[in-house]
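One structure below.
Numbers here simply count residues along the sequence, with the first being 1. Excluded from the calculations below are hydrogen atoms, water molecules and symmetry mates; all remaining heavy atoms, backbone and side chain alike, are included. Because the structure is predicted, anything quoted here is derived from the model rather than measured.
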Amino acid sequence: MSGPKPTAVRIAEAQMINTSSSDFGRRPIDVGPDSGSKLVGKAQGICGSEAQDEFGLVMIFNFAFTEGKYNGSTLSLLRRNRIFSAVREMPIVGGSGAFRFARGYAQARTHTNNNKTRDDAVVEYNVCVFHY
């Protein structure tokens, strides 16, 4: 959410505190964590704060693939994300294209995080799905 071309933007924020917000964006899906890794899609969706007493997010995301044999297909996640936990598990609730009727889970691990902006992070997702 920082830099000259941010991939997400803040769309709402509570006036009483600066830690409650909703974001919308398209974040790149790369093969690896390095900035030069091959782009294979975009993570698209919304997220917002989900608790007043601890930092966590409720997230609705589609992983939209734009390369290779999954080009045009999506995986959908709906999750509560405790971003400071080492490993977060979340359900795959559907998909489209090659992932029609997908069900499964994803495990997220934060690779790097910019604590100054609190919004710039590289997150690794390990996804296991059943699909038809």
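Hydrophobic clustering (ILVMFWY, side-chain heavy atoms < 4.5 Å, transitive): Leu77 and Val40 are in one cluster. Under the 4.5 Å side-chain heavy-atom criterion for ILVMFWY residues, no single connected hydrophobic cluster contains both Met59 and Phe63.
Val129 and Val127 make their closest contact through CG1-CG1, 3.7 Å (heavy atoms, listed as atom of the first residue, atom of the second, distance). When all heavy atoms are compared, the tightest approach of Ile29 to Ala64 is CD1-N, 4.3 Å.
Val93 is not listed as a side-chain neighbour of Arg79, based on a closest heavy-atom distance of 4.5 Å or more. Taking the side chain as every heavy atom from C-beta outward, Val123 and Arg88 approach each other to under 4.5 Å.
A distance-only check finds no donor-acceptor pair linking the side chain of Arg103 to the backbone of Ile92 [under 3.5 Å]. Of the possible polar contacts, none joining the Ser73 side chain to the Gly97 backbone as a donor-acceptor pair under 3.5 Å is found.
The CG atom of Leu57 sits 5.5 Å away from atom CG of Asn81, with the distance rounded to the nearest 0.5 Å. Between the CD atom of Gln107 and the OH atom of Tyr125 there is a distance of 12.5 Å, given to the nearest 0.5 Å.
With Ser96 as the fixed residue, the side chain to side chain contact (heavy atoms under 4.5 Å, CB included) test singles out one of Leu75, Thr74, Asn62: Thr74.
Remark: His131 engages Phe99 in a ring-ring contact (aromatic ring centres under 6.0 Å, His included) (not counting sequence neighbours).
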